[in-house]
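This report concerns only the one structure given below.
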Amino acid sequence: VSLTETLSEIVGKSQLFEGDAIDDRYRWDFMLRFQSNPRHVVRPANTEEVSRLVKAAKASGTPITAMGGGTGSTGGLVVDNAIIMSLERLNRIHEIDPKSMTMTVDAGVTVQAAQEAAEAQGLLFALDLGARGSATVGGAVSTNAGGSRVLRWGMMRDMVLGLEAVLADGTIVSAMTKVLKDNAGYDWKQLLIGTEGTLGIVTKVVIRLRPLPISAQTALIAVPDLDAAISILRSLEGELAGRVSSFELMWGDFYDYVAGFQAQRRPQPMQGGYPLYCLVEALGGHPEADQEAFEAALSGKIEEGTILDAVIAQSERERQALWLVRDDLIEAFNELGKWLAFDISMPHADMASFIDEARANIAAVYPDARAMFYGHIGDGNLHLVTAGPADDADAHHNLDVAVYSAVRRVSGSISGEHGIGLQKREFMSWTRSEAEIQLMKTIKRALDPDNILNPGKVFELN
Ligand SMILES: Cc1cc2nc3c(=O)[nH]c(=O)nc-3n(C[C@H](O)[C@H](O)[C@H](O)COP(=O)(O)OP(=O)(O)OC[C@H]3O[C@@H](n4cnc5c(N)ncnc54)[C@H](O)[C@@H]3O)c2cc1C
């Protein structure tokens, strides 16, 4: 029996695509750096089918890669002659349990659908990111997504209580527990999280929920330099007693470019020309008192001169308008021509010297390149967008070296949150020790000896 027949028998003819019938979205690499060439695309309906598909892949020696919303930006879905298994039909929200503060969802549910379902019950699914409309819970678990509220509620791994996954031999492992504390042996769920589909396929998740904040205070502030931004972050964290949930920084050239581009459609929330801009948000439960405390904390800093200018949202509409400057980026980036994105992290103390060095390294190879920094500064996580140099493998490599050599000097990470995928794997040894990489390979070999699950991502097994 051919693999095509086996796959078709498992998912049904209508859920198997081959050759020209494969839609472009399954050949997708968000950053357009790589060509993806799936041989089969399958769309299972449930965990049982996922398990049978993995067994069929293993029996035929064909690699299989799970796909969520396709918003990952490191080439994690790029395959050659493999099976792409889209989890888009695993899209049920099974339960919201307000007493236990959990929700149980299929892996293919989008982050936004899960957020909205929780909110309808007065609860918060705290993960938030610009790709919320397409990114899936399974993708967020598999990349250990971060986003704009890590400062307060942590990354995706901090929100996972229970997990169901299919291993490389087709075994379904399930711990759909709602228990917060569980030290009964190895935490295999945490082992799978963030492994980019290389150790298991996530099929269901129990998510930890939080009380839904009923007050939000949001401000865009301009500051003179990075030190001022970090000192404002530290003092707001104390003064607002842990309510600061987002602290996003945009360097002046980034703000001027993005807000300038967006001005074609809506007014800029603040004039350009300042050195740095921070989007600060605190979430709480006492609307009036929270707003008062927030404004008092900021006005102290305006008087001191650590804040040069501030716009404080007075309504939900104004709040959303401020967030658009930070979230509505892709069209503005596309206007730059070919752009590359970096996602790096480091201690706050090393950030200023890192940025100087990375800018100098880039300018040394491409004097006319644009290099604009922004990021989840509260978490020490910087994003960088570069544009200008030729769109070829040499230029990508030169820019990678320019940025990651500066990351290496400060012992930072080449991936704060997006993962390694294909894009960054040649630089793994710049950010992880040889012993760490060998340990990762030992785990991979133990769980997936035939290298069936998303092979070649994170590292090459040899
Ligand atoms: C506009 C924009 C903003 C973004 N902002 C952020 C941000 O703030 N923080 C952040 O962390 N990321 C961000 N990202 C990156 C991306 O959204 C996240 O990595 C997201 O978690 C990917 O989810 P997905 O469902 O799209 O996964 P996909 O892109 O489909 O897959 C990503 C990787 O996970 C694997 N995978 C997917 N689903 C499963 C599964 N069920 N089981 C096993 N493996 C699986 C895939 O094989 C692949 O290796 C952003 C992306 C965009 C486009």
Side-chain angles (χ1 to χ4, degrees), residues 25-26 28-32 36 38 44 47 50 54 63-79 82-91 105-114 127-151 154-157 163-168 192-205 246 248 323 326-334 341 343 345 374-376 378-379 381-383 385 415-423 425 448 453-458:
R25 74 192 150 113
Y26 301 114
W28 185 233
D29 170 31
F30 191 84
M31 291 305 299
L32 306 175
S36 186
T47 306
V50 172
V54 172
I64 184 162
T65 294
M67 176 171 183
T71 67
S73 47
T74 59
L77 294 172
V78 174
V79 300
I83 303 169
I84 285 280
M85 176 165 55
S86 166
L87 297 181
E88 65 205 274
R89 293 172 70 219
L90 272 73
N91 61 2
V105 302
D106 282 345
V109 169
T110 63
V111 169
Q112 186 170 343
L127 181 77
D128 198 28
L129 68 181
R132 65 183 78 75
S134 309
T136 61
V137 171
V141 170
S142 302
T143 57
N144 185 29
S148 53
R149 294 174 183 160
V150 173
L151 187 58
M155 299 185 70
M156 190 64 211
R157 70 167 71 254
L163 200 69
E164 178 188 83
V166 173
L167 301 182
L192 255 55
I193 295 169
T195 57
E196 306 181 39
T198 61
L199 294 185
I201 314 275
V202 175
T203 47
K204 246 185 232 146
V205 186
S246 303
E248 301 286 318
W323 270 105
R326 172 62 182 81
D327 273 357
D328 186 17
L329 302 177
I330 301 299
E331 265 185 72
F333 289 170
N334 286 342
D343 157 44
S345 69
Y374 65 109
H376 311 295
D379 323 325
N381 185 186
L382 285 174
H383 292 319
V385 160
S415 171
E417 53 182 18
H418 293 166
I420 298 296
L422 272 187
Q423 194 180 304
R425 68 178 186 191
D448 184 11
L453 294 181
N454 210 10
K457 309 305 166 2
V458 187

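In each ligand, atom 1 is the first atom listed, and ligand 1 is the first ligand listed. By convention here, the first residue in the shown sequence is residue 1.
A search for side-chain hydrogen bond (donor to acceptor under 3.5 Å, both in side chains) contacts involving Lys204 returns nothing, not counting sequence neighbours. Residues forming a side-chain hydrogen bond (donor to acceptor under 3.5 Å, both in side chains) with Gln112 (at least two apart in sequence, or on another chain): Glu116.
Salt bridge absent: Glu248 and Arg149 never bring a charged side-chain N and a carboxylate O closer than 4.0 Å.
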Show the atom names and distances, to 0.1 Å, of all donor-acceptor pairs under 3.5 Å that link a side chain in residues 68-75 to residues at least two apart or in another chain.
| unit_1 | atom_1 | unit_2 | atom_2 | d |
| --- | --- | --- | --- | --- |
| Ser73 | OG | His418 | ND1 | 3.2 |

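Ligand 1 is surrounded by Phe30, Thr65, Ala66, Met67, Gly68, Gly69, Gly70, Thr71, Gly72, Gly76, Leu77, Leu87, Ala107, Leu129, Ala131, Ala135, Thr136, Gly138, Gly139, Ala140, Ser142, Thr143, Ala145, Gly146, Gly147, Glu196, Gly197, Gly200, Ile201, Val202, His376, Glu417, His418, Asn454, each with at least one heavy atom closer than 4.0 Å.
Judged by distance alone, with hydrogens and angles left aside, the side-chain atoms of Asn454 form a donor-acceptor pair with the main-chain N or O of Gly76 at under 3.5 Å. Remark: the backbone N or O of Leu382 is not paired with any side-chain donor or acceptor of Asp343 at under 3.5 angstrom.
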